[in-house]
2 protein chains.
Amino acid sequence: MLTDQRHQLIRDRLAAEGSVLAGELASRFGVSEDTVRRDLRELAKAGECRRVYGGAVASAPFAAATISQRGGHAIEEKARLANAAVAVLSAGQSLFIDGGTTNEAIARAIPRDIELTVATNSLGVASVLSDHPLVELIVLGGRYVRDLGTCVGADTLAAVAQLGADLFFLGSCGLDATRGVTAFDSSEAEVKRAMAGNSAGILIAVTNDKLATTAPYRVAAAGSISHLVVEKTAPAAILADFERQGAQIHFA
Amino acid sequence: MLTDQRHQLIRDRLAAEGSVLAGELASRFGVSEDTVRRDLRELAKAGECRRVYGGAVASAPFAAATISQRGGHAIEEKARLANAAVAVLSAGQSLFIDGGTTNEAIARAIPRDIELTVATNSLGVASVLSDHPLVELIVLGGRYVRDLGTCVGADTLAAVAQLGADLFFLGSCGLDATRGVTAFDSSEAEVKRAMAGNSAGILIAVTNDKLATTAPYRVAAAGSISHLVVEKTAPAAILADFERQGAQIHFA
DNA sequence: GCAAAACATGCAAGAACGTGCAGAACAAGA
DNA sequence: TCTTGTTCTGCACGTTCTTGCATGTTTTGC
């Protein structure tokens, strides 16, 4: 049996059942467990599964499933948020848009007949806007981080530094009325800070589960948020805190 | 038995079973394993299968089938070119890849188990490589040009200037043995020139209709091409001109 | 805390591989 | 018919890859 065939069979089994056992595969293929372990190690290195004690579990499909479930459930809500968010746009504005699924939804919600200048470090947002005929698109390059779907690093910061925007669509992070906007990744936070610093206003669109959460890295003070787009069911008390600090609240 | 007959039988077997074993084919055809290995090597070079230890597995047809639904008729030929082009890659190399549908096909043909560093100004190439787990992806940002599908301009040039690559996959342009590589757009040519200047080698993959054509803006001399990937039916006279100037010819 | 299972690593044998070379088969031309 | 050149093929050689085993380490279950 070819090594490649073993790999493919393992892939199939992972896709079908979500997990495999090293010992079982060894007896099924008629090879030693060491060989199976080597196979699993290679597949794991290629990102096609995650190695666990005793075997391996599917990574990409499983992750995709959870994302699509999460996205699938909230996707309608995110589309509503996105429509409310793009309502604040006016023709001729320039925007920063960074990463996150909410921002991709916003990019999709941007009408095709509005003239805008958009700078983004998100491949997803760039792809969506790449065929909007009236959008002048500026891609903020740099080191691409798979988990974030965005570019970060010195090159990205340098590109941001040369630009200014009327509005910054700040995506997917922690949001708290006292700690302000926070992010989970240091490099990501750097870029967001740079964008925030070069923008006249900041817009954040969040689902309820993001309200009143925090992450390690500070991005911007709560007082610098100019537009906050939330679900209709968002807790009024929390919104009042943001409103008191100058944010304009928009209900989706 | 004729060589061509063997090739056809191997093709049939690949199509029917998805994989073949070198030893088994040798005894079936009554030839030495060396001869079978030679056959498989040629078929792999032509993109009709993928060589693995112990034999070969079918490669292109399935992927090409889904792609060709979306694209035109040249898609299949481009996939063959792409498979031949990625054959020159070795692990650990760093690449520049610019725009064009051929380069997107090449990006798709890059195997998922090879470690590479890739810098590209093409949104399409970046999207394809964004989920290759072992590819370190650097996005070369700048002003996005819809017609080209790439970023160009001062920002892009500055980003290219900070990088170097072992190989530059130069896409979609005019190609002539005396005028060298030429492009249709001034800004595009600038970026290509910068990439060419910072690369140790240049690879160009072209369909026959691009051979012996020219465009207004010069990109690189014919002598700077290190690898030229062409269709099997490419005119030998033209290829000889390039070969005389140092290019290594690869047939898809 | 202990034993068993699972694991990673190094190693050696064997299989598969690529390359260079020489002979055989074949076609083209004198 | 003979010569010449080309292509195909098999063999020899050194190299690379895979695999199973031995060894020592880590994890798990009790």
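First the proteins, then the strands, lettered A, B, ... as listed; each starts at 1.
The phosphate of D/dT9 (OP1 or OP2) has no side-chain N or O of B/Thr35 nearer than 4.0 angstrom.
Nucleic acid contact for B/Val36: none, since no nucleic acid atom lies under 4.0 Å from a heavy atom of the residue.
When the P atom of D/dT9 is taken as reference, atom CD of B/Gln5 falls 11 Å away, rounded to whole Å. If you measure from atom CD of A/Glu42 to atom P of D/dT19, you get 9 Å, rounded to the nearest angstrom. Atom pair B/Arg6:CZ and D/dT9:C1' shows a separation of 9 Å (rounding to whole Å applied). Rounded to an integer number of Å, the gap from B/Arg41 CZ to D/dC8 P is 14 Å. One interatomic measurement links the two molecules: CG of B/Leu25 to P of C/dA16, which rounds to 13 Å at whole-angstrom precision. When rounded to the nearest whole Å, the span between CD of A/Glu24 and C1' of C/dA6 equals 16 Å. Spacing between atom CZ of B/Arg51 and atom C1' of C/dG18 amounts to 10 Å, rounded to whole angstrom units. Rounding to whole angstrom units, CG of residue A/Asp34 and P of D/dC17 are separated by 20 Å.
For the residue pair B/Ser19/A/Gln5, the side-chain donor-acceptor check at 3.5 Å is satisfied.
Where B/Tyr53 and B/Arg38 meet DNA chain C, the nucleotide closest to each residue was compared, and B/Tyr53 sits on the side nearer the 5' end. Of the two residues near DNA chain D, B/Ser32 and A/Ser32, the one whose nearest nucleotide lies more 5' is B/Ser32. Between A/Glu33 and B/Gly30, it is B/Gly30 whose nearest contact on DNA chain D lies nearer the 5' terminus.
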Item to complete: List the steps and the verdict of salt bridge (charged side-chain N to carboxylate O under 4.0 Å, His left out) for A/Arg38 and A/Glu42.
Response: CA-CA 6 Å; A/Arg38 259 185 280 253; A/Glu42 288 176 33; over 6 Å; no
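With hydrogens and angles ignored, the 3.5 Å screen pairs a side-chain donor or acceptor of B/Asn121 with a backbone N or O of B/Cys151. Side-chain N or O atoms of A/Asp176 include none that pairs as donor or acceptor with a backbone N or O of A/Thr213 at under 3.5 Å.
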